Amino acid sequence: MKTLVILIPAYNEDSVISSVIKQLQSAIKTLKLKKTIVVINDGSTDKTANIAQQVGAKVINHPINRGYGAALQTGIEYAKRTKADYAITFDADGQHDPKDIAKVYKALKQGFDIVVGSRFLSKTNTIPFIRKVILKLGNLATFIFFGIWISDSQSGFRGFNQKAIKNIKLKTNHMEVSSELYSEVKKHRLSFTEVPISVKYTQYSLSKGQTNLNSFNVLLKLVYKLFR
Amino acid sequence: MPTFILPIQIFFFLFILFALSRVILRYKDGEIHLGALIFWLVIWAGASVAVFSPENTTQLARSLGIGRGVDVVIYLALTLLFYLVFRIHVLIENLETKFSQVIREISLKDTDKQAVKKT
């Protein structure tokens, strides 16, 4: 039977992680795969790791906080070492709908190396205006730096097949990893597609996501990456 | 070359000698490589020339179409400083990546150990 790992980078999410994992467990029950939900605990100072373990997730602990990008790469490395057939990344803050896992998996089964869940392909999503502008600028930056046009380059909801898991190597530690991923797509000539996903913004998830001002920092780090 | 040496020239030259001594000591300790040694020797040699023969900077300025020798020194110094700051940023980012790789290995090995304990 093929294997699927659901990778959830998490930092101080003890108030929501239990419900996120339980909803995921329910959503993936019918998938005919050997499934593991993996929480990459990125140096949380709250009870995220304990709670995740109690509700049945496998937990990988970073002893100190390294950033979303570093946690994501740890998850991908875990998927590589355990020879997972598929890996799907999922946000820990409750923003994503676990029912969309099936859509991403279906596209992976069709043969795409990477599947990106796009908030912009779904007409029912309400994205705050400034967040929308910044996400669109993120798409533009991804296109300028890496030559790939994608409707939601900053989405944290992505699926990878074994070829993508083996080849992708991310160096950036923080949110700029969302754009760096596409340089790997181009470098290794990975095929990709997008599927519409639902997103639910709450006060909590907006406070946990990156601040709008941090976008300049992300852009600077992408420039540095070009010269490394 | 001026016929007398000003106190400020002596002060700058002593500082240049001090800086050169640090560079040579760091090279001897293996903390910097040969390329870096040559780079800094050239920089401080150039600084010595500027200190004792400021009229050379004026000639250089004229050949570049800039008014004063001191302006050339400032433009060159600023350009060099910006480049060095950029290189330091890149170095820090590389160190951050390597540090994360170490953390990753520790985390994954720890996860493997826990899995073995359970079985």
Side-chain angles (χ1 to χ4, degrees), chain A residues 5 7 9-11 36-44 49-50 52-53 56-84 168-177 180 217-228, chain B residues 23 26-27 29-44 46-47 64 72-119:
Chain A
V5 292
L7 303 171
Y11 176 66
T36 312
I37 295 175
V38 180
V39 170
I40 303 99
N41 171 37
D42 189 23
S44 298
N50 289 343
Q53 214 155 24
K58 184 167 189 66
V59 178
I60 301 173
N61 288 301
H62 279 178
I64 58 170
N65 178 252
R66 293 306 300 150
Y68 174 78
L72 188 65
Q73 182 58 29
T74 297
I76 290 174
E77 187 64 29
Y78 173 82
K80 197 187 297 188
R81 291 185 188 190
T82 54
K83 295 184 173 45
I168 285 171
K169 282 180 182 55
L170 303 167
K171 288 183 183 172
T172 48
N173 284 325
H174 301 283
M175 297 305 284
E176 60 273 15
V177 74
E180 190 202 3
N217 198 23
V218 168
L219 188 62
L220 255 180
K221 289 193 174 180
L222 288 173
V223 173
Y224 287 138
K225 191 202 175 301
L226 284 177
F227 291 96
R228 274 161 88 175
Chain B
V23 170
R26 294 292 81 79
Y27 176 71
D29 289 341
E31 287 175 36
I32 62 172
H33 53 74
L34 181 64
L37 171 72
I38 293 169
F39 172 77
W40 287 111
L41 286 177
V42 167
I43 293 291
W44 291 120
L64 293 171
V72 171
V73 171
I74 288 170
Y75 295 159
L76 284 174
L78 271 175
T79 306
L80 182 66
L81 276 171
F82 274 119
Y83 175 69
L84 287 173
V85 166
F86 173 74
R87 287 295 304 269
I88 288 168
H89 265 286
V90 171
L91 176 68
I92 289 170
E93 283 297 311
N94 284 339
L95 285 172
E96 291 270 10
T97 300
K98 286 184 165 59
F99 187 45
S100 289
Q101 284 169 353
V102 171
I103 294 293
R104 186 164 301 125
E105 278 309 312
I106 292 170
S107 309
L108 289 169
K109 280 199 171 111
D110 196 43
T111 305
D112 287 342
K113 275 186 198 160
Q114 284 178 19
V116 166
K117 263 189 198 167
K118 277 186 185 165
T119 53

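Here is the naming used below: chain letters follow the sequence lines, and residue numbers restart at 1 for every chain. Because the structure is a prediction, the values reported are computed rather than measured. All values below were derived from every heavy atom in this structure, side-chain atoms included, with hydrogens, water molecules and symmetry-related copies excluded.
The environment of B:Arg26 atom CZ is dense: over 12 non-hydrogen atoms of other residues, nucleotides or ligands sit within 6.0 angstrom.
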A:Gln73 and B:Gln101: CA distance, side-chain angles, deciding distance, side-chain contact (heavy atoms from CB on, under 4.5 Å) verdict: CA-CA 9 Å; A:Gln73 182 58 29; B:Gln101 284 169 353; over 6 Å; no

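Under a 4.0 Å N-O distance rule, the pair B:Lys109/A:Glu77 does not qualify as a salt bridge.
For the atom pair CD1 of A:Ile60 and CG of B:Asp112, the computed distance is 9.0 Å after rounding to the nearest 0.5 Å. The OG atom of B:Ser107 sits 11.0 Å away from atom CZ of A:Arg66, with the distance rounded to the nearest 0.5 Å.
Taking both residues in full, the closest heavy atoms of B:Ser100 and A:Asn173 are given as OG-OD1, 2.7 Å, listed atom of the first, atom of the second, then distance. The nearest pair of heavy atoms linking A:Ile64 to B:Ile103 is CG1-CD1, 3.9 Å.
Side-chain atoms of B:Thr97 come within 3.5 Å of backbone N or O of A:Lys171 as a donor-acceptor pair.
The candidate with the highest count of non-hydrogen atom pairs below 4.5 Å against chain B, out of A:Ala70, A:Gly69, A:Ala71, is A:Ala70.
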